[in-house]
Amino acid sequence: MPDYTLTIEVRTHPVGATVIALAGELDYHTAPRLHRTLERTPEARPLILDLARLRFCDSMGMAELLFLLRRTQESGTSLALVGTTADVSQLLAMIGVEALLTSYDTVEEAAGALRPDPGAG
């Protein structure tokens, strides 16, 4: 029997964003766990989704990414992806949403982009 493993770590970054780090496989078997986790996170906070340790993502995983995108758009917050693999990037391009998502190399880089400009105001 295949090993359908997905580890989900949730924390709050000092800038106030919710960071969700995924490791393993995001697929038909594990996507419902991610969905339940997402439903328990505050909607008013920006989300940083760390995919650096994600080994696999199928269409159900993409559906969860789209759910996240829609949720952040509806609540007026932002979604940043971190550590996006070539495979995930290709899937995002195929479904036509890559231009709607911002990707960063590290969580700190993504969090820095969420900080307000000190010169603004």
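Any value given below was found using the heavy atoms of this structure, including those in side chains, with hydrogens, waters and symmetry copies removed.
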> Counting distance only, does the side-chain N/O of Thr30 pair as donor-acceptor with the main-chain N or O of Glu25 below 3.5 Å?
Replying inline: yes
Is there a chain of hydrophobic side chains (I, L, V, M, F, W, Y, each step under 4.5 Å between heavy atoms) that links [X] to [Y]?
| X | Y | result |
| --- | --- | --- |
| Tyr28 | Ile95 | no |
| Leu114 | Val19 | yes |
| Leu47 | Val97 | yes |

> Do we see a donor-acceptor contact under 3.5 Å between the side chains of Thr12 and Arg45?
Replying inline: yes
>> With a 4.5 Å cut-off on side-chain heavy atoms, are Arg11 and His13 touching?
In response: yes
Can I get a per-line list of side-chain donor-acceptor pairs under 3.5 Å for residues 65-83, giving both atom names and the distance, sequence neighbours left out?
| unit_1 | atom_1 | unit_2 | atom_2 | d |
| --- | --- | --- | --- | --- |
| Arg71 | NH1 | Leu38 | O | 2.4 |
| Arg71 | NH1 | Thr41 | OG1 | 3.3 |
| Arg71 | NH2 | Thr41 | O | 3.4 |
| Arg71 | NH2 | Thr41 | OG1 | 2.8 |
| Arg71 | NH2 | Pro42 | O | 3.4 |
| Thr72 | OG1 | Leu68 | O | 3.1 |
| Thr72 | OG1 | Leu69 | O | 2.9 |
| Ser75 | OG | Glu43 | O | 3.0 |
| Ser75 | OG | Arg71 | O | 3.0 |
| Ser75 | OG | Thr72 | O | 3.3 |
| Ser75 | OG | Thr77 | OG1 | 3.2 |

> Counting heavy atoms not belonging to Glu109, are there more than 12 under 6.0 Å from its CD?
Replying inline: yes
> Distance from Leu92 atom CG to Ser103 atom OG, nearest 0.5 Å?
Replying inline: 7.0 Å
> Atom CD of Glu98 and atom OG1 of Thr84: how far apart are they, to the nearest 0.5 Å?
Replying inline: 11.5 Å
>> I need the minimum non-hydrogen distance between Phe56 and Asp27, along with the two atoms involved.
In response: CE2-CB, 4.0 Å
>> For Cys57 versus Val88, what's the shortest heavy-atom pair and its separation?
In response: CB-CG2, 4.1 Å
> Which residues satisfy the salt bridge (Lys or Arg N to Asp or Glu O under 4.0 Å) test with Arg53, sequence neighbours excluded?
Replying inline: Glu9
>> Checking Ser59 now: which residues fulfil side-chain contact (heavy atoms from CB on, under 4.5 Å) with it, not counting sequence neighbours?
In response: none
